[in-house]
Number of protein chains: 2
Amino acid sequence: MSKYQTSNKTQLALIEAAGELAAEKGFGTVTTRAIADRAGENIGSIHYHFGGRDQLLEAVLRYVAQDWIDNPLDQYIADCDLAEKTGQAEALRRAVVRFADMLFDDEKPEWHSRAVYQVLQYPSPLHDIFREIIMNREHEQVEQLLLKIDSDLSKEMLVLHFNLLLSPLITHSDYRGAILPRLNQPTYSREYLQALVDQCVEQSLLRYRLPLD
Amino acid sequence: MSKYQTSNKTQLALIEAAGELAAEKGFGTVTTRAIADRAGENIGSIHYHFGGRDQLLEAVLRYVAQDWIDNPLDQYIADCDLAEKTGQAEALRRAVVRFADMLFDDEKPEWHSRAVYQVLQYPSPLHDIFREIIMNREHEQVEQLLLKIDSDLSKEMLVLHFNLLLSPLITHSDYRGAILPRLNQPTYSREYLQALVDQCVEQSLLRYRLPLD
DNA sequence: ACTAAATTTAATCGATCGATTAAATTTTGC
DNA sequence: GCAAAATTTAATCGATCGATTAAATTTAGT
């Protein structure tokens with residue numbers, strides 16, 4: 001298995017087609033036929049390469065997860081002096097910028113961010129896999145930073161503050177289909193995203209009484 | 001049509017069953033058989049009373065929407081003097097409290113809030129209906145308040161600030177299946193929700209330089 | 001209680017789902 | 001370029017989907 005060159009190309013085409021469709025219609029409603037059609041491949045190849053529909057969707061999740069794993073927060077804030085208030089403020093900003101990059105960077109296919117978070121909405125095997133391979137790591141990275149800023153935060157409050165910091169980004173990703181029409185824009189403009197990031201950063205800097213600049 | 005007493009009871013049972021299932025698995029994956037089974041009714045009744053699966057799901061949406069329509073923001077902040085900073089601050093708090101009540105009040109069935117926002121995630125007829133009957137009204141109410149607080153806000157920035165104000169509540173509703181396990185709690189505790197609301201209010205009071213108390 | 005209308009029920013329709021199979025084709029090492 | 005392995009393909013499987021139908025039952029006015 002997986003000996004010939006064409007195998008990889010087929011698998012990638014199926015993953016990308018499945019990811020696109022999942023982003024458009026949701027993981028639960030994507031059919032093997034629609035995937036095969038968009039990928040220009042055969043239904044049988046889904047089962048040959050992945051074992052079935054569910055395993056292909058899991059592969060989609062792991063494919064996107066790799067992008068998050070390859071860009072850990074640690075490497076974004078490696079040169080920040082977390083002992084200093086100004087270093088903490090800069091690290092907080094970079095945490096927001098990184099998260100926004102992961103969700104809105106237009107060099108990434110849109111389905112990367114669209115496909116990811118939705119699996120958290122309902123109980124499913126994919127839900128558990130996502131929590132294990134992405135969400136836990138993301139929370140731990142951010143919570144580690146928040147603890148440097150305020151060591152009094154309990155485990156409960158760390159969960160809350162994770163959401164206070166990043167939920168505007170998450171809602172802008174999840175509900176872009178509802179928000180963009182209100183903005184009369186086809187995609188978020190660079191200026192709008194900049195304002196979004198700035199406001200996320202500012203309100204957290206205010207919350208932790210860190211220097212605004 | 002709709003002449004006998006039993007008709008209303010059957011329709012309500014079907015709406016509630018469909019709402020529960022939609023909240024659990026998503027609108028797209030709910031089947032007529034599952035709805036009929038949970039409601040203790042017959043599949044044929046779905047088509048008899050509503051015309052089909054899609055129309056029943058639309059009825060579910062309108063049923064929940066009525067709860068939002070019956071509790072407009074205006075009546076929550078009617079006695080706030082929006083000309084005064086303290087009145088603006090109090091109105092902002094009540095806007096957050098109201099939204100949290102709509103999403104987390106445990107006197108409402110959980111599926112009310114779980115079912116609502118998910119339809120905004122993908123293009124669909126339900127998506128458009130929801131935007132028309134709920135989302136536009138909610139945005140207008142909050143944006144009207146925000147304009148009283150800061151009349152310089154552009155239409156674009158009003159959209160952004162709506163999300164800055166309320167997105168922590170939205171993510172806590174949408175992702176409760178992912179957040180609650182991190183809190184090791186079956187449901188959000190009263191204390192946690194209080195902290196969530198307080199933080200939402202505080203960060204917006206700080207943003208608009210309104211008095212904290 | 002009778003009757004006509006409204007509602008509920010069980011059975012069945014064609015379409016489409018994920019999955020499987022065996023044959024056809026392509027790829028790679030030699 | 002040959003042979004063996006890997007991959008792709010088309011056809012088909014049973015299960016389940018939303019929808020429909022006609023018969024059975026229930027309801028409400030008289």
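- The distance from the CD atom of A:Glu16 to the CG atom of A:Leu21 is 12.0 Å, given to the nearest 0.5 Å.
- Across the interface with DNA chain D, nearest-nucleotide mapping of B:Gly51 and A:Gly40 shows A:Gly40 to be the residue nearer the 5′ end.
- If you check every strand for non-hydrogen atoms under 4.0 Å, A:Gly44 touches a base.
- Put simply, CD1 on A:Ile46 is 12 Å from P on C:dC17, counting in whole angstrom units.
- Rounded to whole Å, the distance from CD1 on B:Ile43 to C1' on D:dT21 is 14 Å.
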Atom pairs and distances, donor-acceptor, side-chain atoms in residues 128-135 of chain A, under 3.5 Å, two or more places apart:
none

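- Classification of B:Asp106 and B:Arg190 as a salt-bridged pair fails, no side-chain N sitting under 4.0 Å from a carboxylate O.
- In plain terms, the two heavy atoms of B:Glu156 and A:Ser189 that are nearest each other are OE2-OG, 4.3 Å.
- What separates CZ of A:Phe50 from C1' of C:dA19 is a distance of 16 Å, to the nearest Å.
- Straight-line distance from the CD1 atom of A:Ile35 to the C1' atom of C:dA19: 13 Å, rounded to whole Å.
- At whole-Å resolution of the value, CD in A:Glu41 and C1' in D:dT8 are 8 Å apart.
- For B:Gln11 and D:dT27, the CD to P distance is 16 Å, given to the nearest whole Å.
- Listed for the B:Thr171 side chain is a donor-acceptor partner under 3.5 Å among the backbone atoms of B:Pro168.
- Candidate nucleotides C:dT12, C:dA19, D:dT8 were compared by shortest atom distance to the side chain of B:Arg33, and C:dT12 ranks first.
- Across all strands, A:Thr31 comes closer than 4.0 Å only to sugar-phosphate atoms, never to a base (heavy-atom distances).
- OP1 or OP2 of D:dA6 has not a single side-chain nitrogen or oxygen of A:Ser7 nearer than 4.0 Å.
- Between C:dT20 and A:His47, no contact under 4.0 Å exists linking OP1 or OP2 to a side-chain N or O.
- At least one side-chain nitrogen or oxygen of B:Thr10 sits closer than 4.0 Å to the OP1 or OP2 atom of C:dT8.
- Between A:His49 and D:dT8 there is a side-chain N or O to OP1 or OP2 distance below 4.0 Å.
- Listed pair A:Lys3 / D:dA6 meets the phosphate criterion, a side-chain N or O lying under 4.0 Å from OP1 or OP2.
- Of the side-chain N and O atoms in B:Thr6, none sit less than 4.0 angstrom from OP1 or OP2 of D:dT27.
- Side-chain atoms of B:Tyr4 and base atoms of C:dA5 include a donor and an acceptor less than 3.5 Å apart.
- Between the C1' atom of C:dA23 and the OH atom of A:Tyr48 lies a distance of 15 Å, rounded to the nearest Å.
- For the pair A:Asn42 CG and D:dA11 C1', the computed distance is 10 Å after rounding to whole Å.
- Position along DNA chain D of the nearest nucleotide to B:Gln5 versus B:Gln55 favours B:Gln55 as the more 5'-ward residue.
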